[in-house]
A.B. asks: 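Sharing a structure below in structure tokens format, with a few things to ask.
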Number of protein chains: 2
Amino acid sequence: MSQREPRSRERIIIGAADLIRRRGLAGSTVRDLAAHSGAPLGSTYHYFPRGKQQLAAEAVRFAGDLATRVLERELEAGPVAGLRAFLALWRQTVIDSDFTAGCPVLAVAVEEPPDDADPEAIKAAAEVFSAWEGLLSASLRDRGAAPEEAARLATLVVAAVEGSVAMCRAKRDIRPLDDIAAQLETLIDAAVTT
Amino acid sequence: MSQREPRSRERIIIGAADLIRRRGLAGSTVRDLAAHSGAPLGSTYHYFPRGKQQLAAEAVRFAGDLATRVLERELEAGPVAGLRAFLALWRQTVIDSDFTAGCPVLAVAVEEPPDDADPEAIKAAAEVFSAWEGLLSASLRDRGAAPEEAARLATLVVAAVEGSVAMCRAKRDIRPLDDIAAQLETLIDAAVTT
DNA sequence: AATTGTTTATGACGCTCGTTATAGCCTACG
DNA sequence: CGTAGGCTATAACGAGCGTCATAAACAATT
């Protein structure tokens, strides 16, 4: 058996996350997902035997972990720094893609899974949302915010960012994201100086 | 020529909005969209000769106008009343559908349209977002909020509501929507008493 | 009743979907 | 150096896709 990490498997996941955040899950075919990373179709079902749902779930977790790591690192400098990094991440995604890419987690969250398969992907999306909220919430508590207020504010931040990214795409305008940025920062400032 | 409004056409649009908000646009086939309202497939292309994109755009506008009318009516009693009605609308949608339905406008906004067709649907989504923001913003200005602050806060409200509805679906939990409700209300109160 | 135009019914078109199967390739270990 | 097992290549399966064409059914006006 091979000891080394298979490189193709990760490349497929990365490509899948990139395609899903642009076209959505139902809008991305398994063939496209494979071709997007240069992998053959057969490899897709070799690495992800449960098919499209499994690949989507892993893509969601991959994109989620990426943002989670950025968040963890920057939150060490405080919740405002974490927020800024989180916002910058999505700002770059939207701008770099010329308003064609959004958040793959959100893309999966707004699609009802087919009746026959078990909904791995949307469950993964829920976990990613909770992970982001948990990190933000803990950081707010560390700076003196009340636990319930910290949790609620963390939810507001994630919801507003996700919603505004979608609005930016539709309008082809980065303003929604920038408009919420200043307001969320003020809210966090107020919560930690109480 | 017939003077009366065709009933089937509107029924198709209503059914399309209902299916899109659950499965997304790419996840809804033209046959399903027709069948969902009891209409034959042929009628779809009779009423919407530009095909799926046109039908989706009209479904988005229909759902958008529905919320717009609720918003217009309730905003007469002030921005907080408008916000409450807006939140209640989406709360009911999510609850009544047992967390399988969200906002059709958001569903369309997160999907890149195919290369060959012109993107009617996502343009309609952008207009709906702007209409909602415009109503909220005007109501805030009427109560004394500064114009720039009113516009930014309106964007935050729409973004947070859209994002939290998606989070509710993924988590199968209404809490995200309720958590942002109280915070948005406080923000509006603060903005109009300045 | 005849006529006109709108709506429905039906079937087909070429293509693509998710998934599976199988035969060959390649690499790492014995 | 042989051989076993992970990976790739390729083709196929039935089903379903968006769209179009055409003819029958219908409604409303002469």
Side-chain angles (χ1 to χ4, degrees), chain A residues 1-16 19-20 22-60 107-108 111-122, chain B residues 1-16 19-20 22-59 108 111-122:
Chain A
M1 63 202 93
S2 136
Q3 293 294 102
R4 62 172 181 79
E5 270 295 302
R7 211 57 96 205
S8 302
R9 189 177 198 278
E10 196 181 30
R11 282 220 319 276
I12 294 174
I13 294 175
I14 297 174
L19 212 52
I20 290 172
R22 282 166 30 198
R23 302 191 192 164
L25 179 51
S28 303
T29 76
V30 177
R31 282 169 179 82
D32 289 342
L33 291 173
H36 199 58
S37 61
L41 175 60
S43 298
T44 301
Y45 286 92
H46 174 74
Y47 290 118
F48 311 98
R50 292 194 304 283
K52 197 182 186 182
Q53 277 286 321
Q54 181 187 2
L55 174 51
E58 301 217 25
V60 165
V108 162
E111 283 185 35
E112 193 174 53
D115 291 340
D116 48 7
D118 88 350
E120 293 193 55
I122 200 165
Chain B
M1 64 200 96
S2 136
Q3 294 296 105
R4 63 174 178 77
E5 270 295 301
R7 210 57 96 209
S8 300
R9 190 177 199 279
E10 195 181 31
R11 284 222 318 277
I12 293 174
I13 293 175
I14 296 173
L19 212 53
I20 290 172
R22 284 166 29 200
R23 302 192 192 164
L25 180 50
S28 303
T29 77
V30 177
R31 281 169 179 81
D32 288 343
L33 291 172
H36 199 58
S37 62
L41 175 60
S43 299
T44 300
Y45 285 92
H46 173 73
Y47 291 117
F48 312 97
R50 290 194 304 282
K52 197 182 187 183
Q53 276 286 322
Q54 181 187 4
L55 174 51
E58 301 218 25
V108 162
E111 283 187 34
E112 192 174 53
D115 292 339
D116 47 8
D118 87 349
E120 293 193 56
I122 201 166

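Labels below follow one simple rule: chain letters A, B, ... track the order of the sequence lines, proteins then strands, and each chain is numbered from 1. Side chains are part of it too, since the values below use all heavy atoms of this structure and drop only hydrogens, waters and symmetry mates.
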A.B. asks: Rounded off to whole Å, could you give me the CG-to-P distance for the L33(A) and dT16(C) pair?
C.D. replies: 16 Å
A.B. asks: Using atom NE2 of H46(A) as one end and atom C1' of dC25(C) as the other, report the distance to the nearest whole Å.
C.D. replies: 13 Å
A.B. asks: Kindly give the heavy-atom pair with the smallest separation between S28(B) and G24(B), and that separation in Å.
C.D. replies: OG-O, 2.6 Å
A.B. asks: Does S8(A) put a side-chain nitrogen or oxygen below 4.0 Å from OP1 or OP2 of dT8(D)?
C.D. replies: yes
A.B. asks: With E58(A) as reference, evaluate E120(A), R9(A), Q53(A) under the side chain to side chain contact (heavy atoms under 4.5 Å, CB included) test and give the passing residue.
C.D. replies: R9(A)
A.B. asks: Can you measure D115(B) atom CG to dT16(C) atom P for me and round it to whole angstrom units?
C.D. replies: 13 Å
A.B. asks: Which of the following nucleotides, dT8(D), dT19(D), dT19(C), is nearest to the side chain of P40(A)?
C.D. replies: dT8(D)
A.B. asks: Within the structure, does a side-chain N or O atom of Y45(B) lie under 4.0 Å from either OP1 or OP2 of dC20(D)?
C.D. replies: no
A.B. asks: Determine to 10° how strongly the helix from dA1(C)-dT30(D) to dA23(C)-dT8(D) is bent, judged from the axes of its five-pair ends.
C.D. replies: 20°
A.B. asks: Please name the pair of heavy atoms, one in I12(B) and one in S43(B), separated by the smallest distance, quoted to 0.1 Å.
C.D. replies: CD1-CB, 4.3 Å
A.B. asks: Counting only non-hydrogen atoms, which of residues 22-32 of chain A are less than 4.0 Å from DNA chain C?
C.D. replies: S28(A), T29(A), V30(A), R31(A)
A.B. asks: Establish, with yes or no, whether the OP1 or OP2 oxygen of dC7(D) is under 4.0 angstrom from a side-chain nitrogen or oxygen of S43(A).
C.D. replies: no
A.B. asks: Look at the side chain of E111(B) and the backbone N and O of A26(B), then say whether any donor-acceptor pair between them is shorter than 3.5 Å.
C.D. replies: yes
A.B. asks: Where do I13(A) and Y47(A) land on the side chain to side chain contact (heavy atoms under 4.5 Å, CB included) test, with the steps shown first?
C.D. replies: CA-CA 10 Å; I13(A) 294 175; Y47(A) 290 118; over 6 Å; no
A.B. asks: Tell me: CG of L41(B) to P of dC17(D), nearest whole Å?
C.D. replies: 10 Å
A.B. asks: In whole Å, what is the span from the CD atom of Q54(A) to the C1' atom of dT19(C)?
C.D. replies: 14 Å
A.B. asks: Is the shortest heavy-atom distance from the side chain of D118(A) to the side chain of R50(A) under 4.5 Å?
C.D. replies: no
A.B. asks: Once you round it to whole Å, what is the distance between P of dT7(C) and CD1 of I12(B)?
C.D. replies: 10 Å
A.B. asks: To the nearest Å, give me how far apart OH (Y47(B)) and C1' (dT7(C)) are.
C.D. replies: 6 Å
A.B. asks: For I20(A) and A59(A), which heavy atoms make the closest approach, and how far apart are they?
C.D. replies: CD1-CB, 4.3 Å
A.B. asks: Taking side chain as C-beta onward, heavy atoms only, is L55(A) less than 4.5 Å from L33(A)?
C.D. replies: yes
A.B. asks: What's the CZ-P distance between F48(A) and dC7(D), to the nearest Å?
C.D. replies: 12 Å
A.B. asks: Within the structure provided, determine whether Y45(A) and V30(A) are in side-chain contact (heavy-atom separation under 4.5 Å).
C.D. replies: yes
